[in-house]
Amino acid sequence: MELRTVLVVGTGLIGTSVALALRKRGVRVLLADRDPGAVRLARELGAGEDWLPATAASDPADLAIIAVPPAHVASELLELQRIGAARFYTDVASVKAEPIHRAVQLGCDLTTYVASHPLAGREKSGPGAARDDLFLGRPWALCPTEEADPEAKAAVLRLIELCGANAVEVGAIDHDRAVAVVSHAPHVAASAVAARLADATDVALGLAGQGVRDVTRIAGSDPGLWLGILAGNASPVAEVLEAVANDLADAASALRALADGDGTATHEITQLLKRGVAGHDRIPGKHGGPASSYATVQVVIGDRPGQLARLFQACDEVGVNVEDVRLEHAPGLPLGIAELSVEPDAAATLTEALHERGWQVP
């Protein structure tokens, strides 16, 4: 099914990113938001044009994308269907069961509606943080009900294709349990760790390295936005957090025993660390395939314009593909370490080539 005109209701990060991706593929995009400033910025970024509700019935969009908080999805769907804003409808909220249940309660037409959720985002929010490539290669869940018309499902599948994402069909309840494990509970856990830093001493913060930044990165997101997400998926998230809390309580008890001289307490801690390694290794790797083991080449890099470009150019010259890169800044110094992840058999070649080109490779 072709999408010629799409209505995006809600011009935050996700809604504007969808709009930008569609505009890049030549789709006409109409924009709507309760915040005039947000829709104006999205329009100025090239995400689309203003939607005129008065013309909805005479000129409906092929698809309406509801990009609002989970608690407001169903009421927005009802209003859009009431005025005939589009032939088909979807939403991009990060929880699915509650909005669908609420849509049933309100009497929404489920034949034209297929709930969906792109699993992509950033710590930043708002239209200013939007990117047209946000969904490239990312999974995008769709959760059609039994009532959904095949054409409605086809419209959402076409949307996912245009945004460059990978469609994954899943039931709403299974979806919510899954994202509780891989997204929602990890966010709360990261926030709990980051909260300890609020009262940390200057000495502790001065010793902060990449590890604590990695663990707390997602804790910098908008609390108001996340409150809505967590409230919409409260029970599954609570179950995961209770399991994590039990593991942490057991680890704390073992460490107390170890501090008191009980050497056998190391077994409990070791088992948790091993389970952590096993879970980490199950995270899909590049392009969604099995996780790969890469070698890491560390390079000292100056904090100056063009340094990363020079480094990547050197990698290109010797034909080594950089699978991943991470930067760790040196506190108080105008330099840092670039950690390049490469195929194991390419590490020695790259190290030698970088040495020859004057790079410091520890």
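Here the structure is a predicted model, which means the values were calculated and not measured. Numbers here simply count residues along the sequence, with the first being 1. All values below come from the heavy atoms of this structure, side chains included, with hydrogens, waters and symmetry mates left out.
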Give the minimum heavy-atom separation between [X] and [Y], together with the two atoms involved.
X	Y	value
Gly84	Tyr89	C-OH, 3.9 Å
Ala74	Pro99	CB-O, 3.8 Å
Ala97	Ile173	CB-CG1, 4.3 Å
Val73	Ala93	CG2-CB, 4.0 Å
Cys163	Leu22	SG-CD2, 4.4 Å
Leu3	Arg158	CG-CG, 3.9 Å

**Q.** Qualifying residue, where the test is side-chain contact (heavy atoms from CB on, under 4.5 Å) with Val92 and the options are Val8, Val68, Ile14
**A.**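 Single pass found, and it is Ile14.
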
If a pair satisfies salt bridge (charged side-chain N to carboxylate O under 4.0 Å, His left out) and one of its residues is in [range], list it, with sequence neighbours excluded.
range	result
residues 236-249	Arg177-Glu239, Asp247-Arg275
residues 90-113	Asp91-Lys96
residues 63-84	Arg34-Glu76, Glu79-Arg82

Taking atom [atom1] of [X] and atom [atom2] of [Y], what is their separation to the nearest 0.5 Å?
X	Y	atom1	atom2	answer
Ile100	His175	CD1	NE2	9.5 Å
Leu350	Glu343	CG	CD	12.5 Å
Arg28	Asp62	CZ	CG	10.5 Å
Ser116	Leu159	OG	CG	6.5 Å
Leu106	His101	CG	NE2	10.0 Å
Ile65	Thr90	CD1	OG1	7.5 Å

Test of understanding: with side chain to side chain donor-acceptor pair (under 3.5 Å), list the residues that count as partners of [X], not counting sequence neighbours.
X	answer
Thr16	none
Asp262	Thr264
Asp50	Arg43
Arg25	none

Would you check if [X] and [Y] make a side-chain contact, meaning some heavy-atom pair closer than 4.5 Å?
X	Y	result
Cys143	Val170	yes
Leu335	Arg304	no
Glu268	Thr266	no
Val104	Leu110	yes

**Q.** Verdict with supporting geometry, Ser341 and Asp324, side chain to side chain donor-acceptor pair (under 3.5 Å)
**A.** CA-CA 5 Å; Ser341 296; Asp324 200 357; 5.2 Å; no

May I ask whether [X] and [Y] are part of the same hydrophobic cluster, defined by side-chain heavy atoms of I, L, V, M, F, W, Y residues being less than 4.5 angstrom apart, directly or through others?
X	Y	value
Val9	Phe135	no
Val179	Leu225	no
Ile160	Leu13	yes
Leu157	Val18	yes
Val299	Leu327	yes

Q) Would the number of heavy atoms belonging to other residues, nucleotides or ligands and lying under 6.0 Å from CZ of Arg256 be above 12? A)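 It does not: Arg256 CZ has 12 such atoms or fewer within range.
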
Q. If you draw a 6.0 Å radius around CG in Asp202, do more than 12 non-hydrogen atoms from other residues or ligands fall strictly inside?
A. no

Solution key, residues 180-197 side-chain donor-acceptor pairs under 3.5 Å, sequence neighbours excluded:
{"residue": "His184", "atom": "ND1", "partner": "Asn233", "partner atom": "ND2", "Å": "3.1"}
{"residue": "His187", "atom": "ND1", "partner": "Ile218", "partner atom": "O", "Å": "3.4"}
{"residue": "Ser191", "atom": "OG", "partner": "His187", "partner atom": "O", "Å": "3.0"}
{"residue": "Arg196", "atom": "NH1", "partner": "Ala192", "partner atom": "O", "Å": "3.2"}

Q: Mind checking side-chain contact (heavy atoms from CB on, under 4.5 Å) for Glu151 and listing every partner two or more places apart, or none if nothing turns up?
A: Arg87, Phe88, Asp149

Q: For Tyr113, check ring-ring contact (aromatic ring centres under 6.0 Å, His included) against everything at least two apart and list the hits.
A: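 Result, ring-ring contact (aromatic ring centres under 6.0 Å, His included) vs Tyr113: none returned.
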
Compile the donor-acceptor pairs under 3.5 Å between side chains in residues 52-60 and protein atoms, sequence neighbours left out, one pair per line.
{"residue": "Thr55", "atom": "OG1", "partner": "Leu52", "partner atom": "O", "Å": "2.8"}
{"residue": "Ser58", "atom": "OG", "partner": "Thr55", "partner atom": "O", "Å": "3.2"}

Got a list of side-chain donor-acceptor pairs under 3.5 Å for residues 354-362, not counting sequence neighbours?
{"residue": "Arg357", "atom": "NE", "partner": "Glu317", "partner atom": "OE1", "Å": "3.0"}
{"residue": "Arg357", "atom": "NH1", "partner": "Ala353", "partner atom": "O", "Å": "3.2"}
{"residue": "Arg357", "atom": "NH2", "partner": "Glu317", "partner atom": "OE1", "Å": "3.3"}

**Q.** side chain to side chain contact (heavy atoms under 4.5 Å, CB included) between Val325 and Glu339, intermediate numbers included
**A.** CA-CA 6 Å; Val325 62; Glu339 295 186 347; over 6 Å; no

(Q) The test is side chain to side chain contact (heavy atoms under 4.5 Å, CB included); show your working for Ile301 and Leu308 and say whether it passes. (A) CA-CA 8 Å; Ile301 183 169; Leu308 271 177; 3.8 Å; yes

Q: Dump the intermediate steps for side chain to side chain contact (heavy atoms under 4.5 Å, CB included) on Leu340 and Leu311, then the final yes or no.
A: CA-CA 10 Å; Leu340 308 179; Leu311 180 57; 4.1 Å; yes

Q. Are the side chain of Asn166 and the backbone N or O of Pro139 linked by a donor-acceptor pair below 3.5 Å?
A. no

(Q) Using only atom types and a distance under 3.5 Å, with no angle test, would you say the side chain of Thr201 pairs donor to acceptor with the backbone of Ala204? (A) yes

